[in-house]
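Quick note: residue numbers are just sequence positions, from 1. All values below come from the heavy atoms of this structure, side chains included, with hydrogens, waters and symmetry mates left out.
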Amino acid sequence: MGQKTHPTGFRLGFNVPWSSRWFNDKNFSKDLGEDLMIRNYVRQRLESADLSRLEIERASNRITLIIYTARPGLVIGQKGQKVDQLRDELQHITGRDVYITIQEVKVAELDAELVAQRIAKQLSSRVSFRRAMKRAIQQTMRFGAQGIRVRVAGRLNGAEMARTHTFREGKVPLHTLRSDIDYAQVTSFTTFGTIGVKVWICKGEAAPL
């Protein structure tokens, strides 16, 4: 069962923090649905800004949204116009006070979400899946990762039958709790159908929370 466990969920509370930090005993399902709506809205709204992850914190009637991105300039805009507009839109949708914090992802090549997004974009542009995967692996290893595994599944290169291909380099110990494993899953939309992209990146060992 080890290979079927989500790497992030497996390590939650041990060396991986929660992406939503709040608890509401009475309206839990409502706030959870609102979180999902906020995440989907922001990702669609900032599709070209290379978003890595979104973290949400709540306190009474206030929502704090932390956006991790490799291109903070696209999120902030000139004189902060874009981020102010995004805040106003979220306040209108949720009816709550919204505060937005931007965090820059220093090394995009070590972020599984961004690596998976780049592979998915190349597949959508009809780049060979082998070329896209090998290029991503080389760049990630060059920036100091201990290991990386990439898996794509679907009608690769327009083949009539769907198949799965996996490339890996270095070590990716998924069963070791103390390992710092970054995982992401992204869907690439092509003219032949959808292709799933999964990326695991091992950055070494992480200290417990």
S.K.: Give a yes or no on whether Y99 and L54 share a hydrophobic cluster (residues Ile, Leu, Val, Met, Phe, Trp, Tyr; joining criterion: side-chain heavy atoms under 4.5 Å apart).
M.R.: no

S.K.: Do the side chain of S125 and the main chain of V127 share a donor and acceptor less than 3.5 angstrom apart?
M.R.: no

S.K.: Ring of Y68, cation from R53 - is the NZ or CZ under 6.0 Å from the centre and inside 45° of the axis?
M.R.: yes

S.K.: Are D88 and L90 close enough that some pair of their side-chain heavy atoms sits under 4.5 Å apart?
M.R.: no

S.K.: Does R58 come within less than 4.0 Å of D35, counting only side-chain N to carboxylate O?
M.R.: yes

S.K.: Using distance alone, with no hydrogens and no angle criterion, decide if Q85 and Q81 have a side-chain donor and acceptor under 3.5 Å apart.
M.R.: no

S.K.: Is any side-chain heavy atom of E113 less than 4.5 Å from a side-chain heavy atom of V105?
M.R.: no

S.K.: Look at the aromatic rings of H6 and Y183 and report parallel, tilted or perpendicular, splitting at 30° and 60°.
M.R.: perpendicular

S.K.: Sort and list the pairs that fulfil side chain to side chain donor-acceptor pair (under 3.5 Å) and have at least one residue in residues 128-140, not counting sequence neighbours.
M.R.: Q122-R135

S.K.: As an exercise, state the distance from NE2 of H165 to CZ of R151, rounded to the nearest 0.5 Å.
M.R.: 12.0 Å

S.K.: Flag the pair W22 / F28 as yes when their ring centroid distance falls below 6.0 Å, and as no otherwise.
M.R.: yes

S.K.: Do R149 and V199 come close enough that some side-chain heavy atom pair is under 4.5 Å?
M.R.: no

S.K.: Using the side chain to side chain contact (heavy atoms under 4.5 Å, CB included) rule, take R87 and D84 through it: C-alpha gap first, then chi angles, then the decisive distance, then the call.
M.R.: CA-CA 5 Å; R87 185 193 64 234; D84 289 342; 3.0 Å; yes

S.K.: Find the distance between CG (N157) and CZ (F192) and round it off to the nearest 0.5 Å.
M.R.: 8.5 Å

S.K.: Hey, quick one: are L46 and I38 part of the same hydrophobic cluster, counting side-chain heavy atoms closer than 4.5 Å, chains of contacts allowed?
M.R.: yes

S.K.: Roughly how far, to the nearest 0.5 Å, is the CH2 atom of W200 from the OG1 atom of T8?
M.R.: 11.0 Å

S.K.: Enter the distance from I119:CD1 to I195:CD1 here, rounded to the nearest 0.5 Å.
M.R.: 11.5 Å

S.K.: Would you say L174 and I181 make side-chain contact, with heavy atoms under 4.5 Å?
M.R.: yes

S.K.: Closer than 3.5 angstrom, by distance alone: can the side chain of N15 be matched with the main-chain N or O of L177 as a donor-acceptor pair?
M.R.: yes

S.K.: Rounded to the nearest 0.5 Å, what separates atom CD in E104 from atom CD1 in I67?
M.R.: 14.0 Å

S.K.: Would you say that E34 contacts T94 through its side chain, given a criterion of any heavy-atom pair below 4.5 Å between the two side chains?
M.R.: yes

S.K.: Between V75 and A49, what is the shortest heavy-atom contact and its length?
M.R.: CG2-CB, 3.7 Å

S.K.: Side-chain heavy atoms nearer than 4.5 Å, only ILVMFWY residues, links allowed to pass through others: does that put F129 and I148 together?
M.R.: yes

S.K.: Tell me yes or no: between the side chains of T194 and T187, is some donor less than 3.5 Å from an acceptor?
M.R.: no

S.K.: By the salt bridge (charged side-chain N to carboxylate O under 4.0 Å, His left out) test, which pairs, at least two apart or in different chains, include something from residues 7-23?
M.R.: R21-E55, R21-E57

S.K.: Is the backbone N or O of G193 less than 3.5 Å from a side-chain atom of T190, with the two atoms forming a donor-acceptor pair by type?
M.R.: yes

S.K.: What do the steps show when you test R39 against S20 for side chain to side chain donor-acceptor pair (under 3.5 Å), and what is the final call?
M.R.: CA-CA 11 Å; R39 293 178 190 279; S20 291; 2.8 Å; yes

S.K.: So how far is it from L51 CG to R45 CZ, rounded to the nearest 0.5 Å?
M.R.: 11.5 Å

S.K.: Under a plain distance cut-off of 3.5 Å, with no hydrogens placed, do Y41 and E89 share a side-chain donor-acceptor pair?
M.R.: yes

S.K.: Strictly distance-based, threshold 3.5 Å: is any side-chain N or O of S124 a donor or acceptor partner for the main-chain N or O of F189?
M.R.: yes

S.K.: Any link between V172 and F10 through a network of hydrophobic side chains (Ile, Leu, Val, Met, Phe, Trp, Tyr) touching at under 4.5 Å?
M.R.: no

S.K.: Using a 3.5 Å distance criterion without hydrogens, assess whether the side chain of N24 forms a donor-acceptor pair with backbone atoms of K26.
M.R.: yes

S.K.: Do I76 and V42 sit in the same hydrophobic cluster, where Ile, Leu, Val, Met, Phe, Trp and Tyr count as joined when their side-chain heavy atoms come under 4.5 Å apart?
M.R.: yes

S.K.: So, the side chain of D111 versus the backbone of L114: is there a donor-acceptor pair under 3.5 Å, distance only?
M.R.: yes

S.K.: Under a 3.5 Å distance rule, please check whether Q91 uses its side chain to pair with a backbone N or O of V98 as donor and acceptor.
M.R.: yes

S.K.: Given side chains that start at C-beta, do those of D97 and I63 come closer than 4.5 Å, heavy atoms only?
M.R.: no

S.K.: Could you list all the salt bridge (charged side-chain N to carboxylate O under 4.0 Å, His left out) pairs where at least one residue sits in residues 185-209, not counting sequence neighbours?
M.R.: R178-E205, D182-K203

S.K.: Would you indicate whether the side-chain heavy atoms of I137 and V150 approach each other to under 4.5 Å?
M.R.: yes

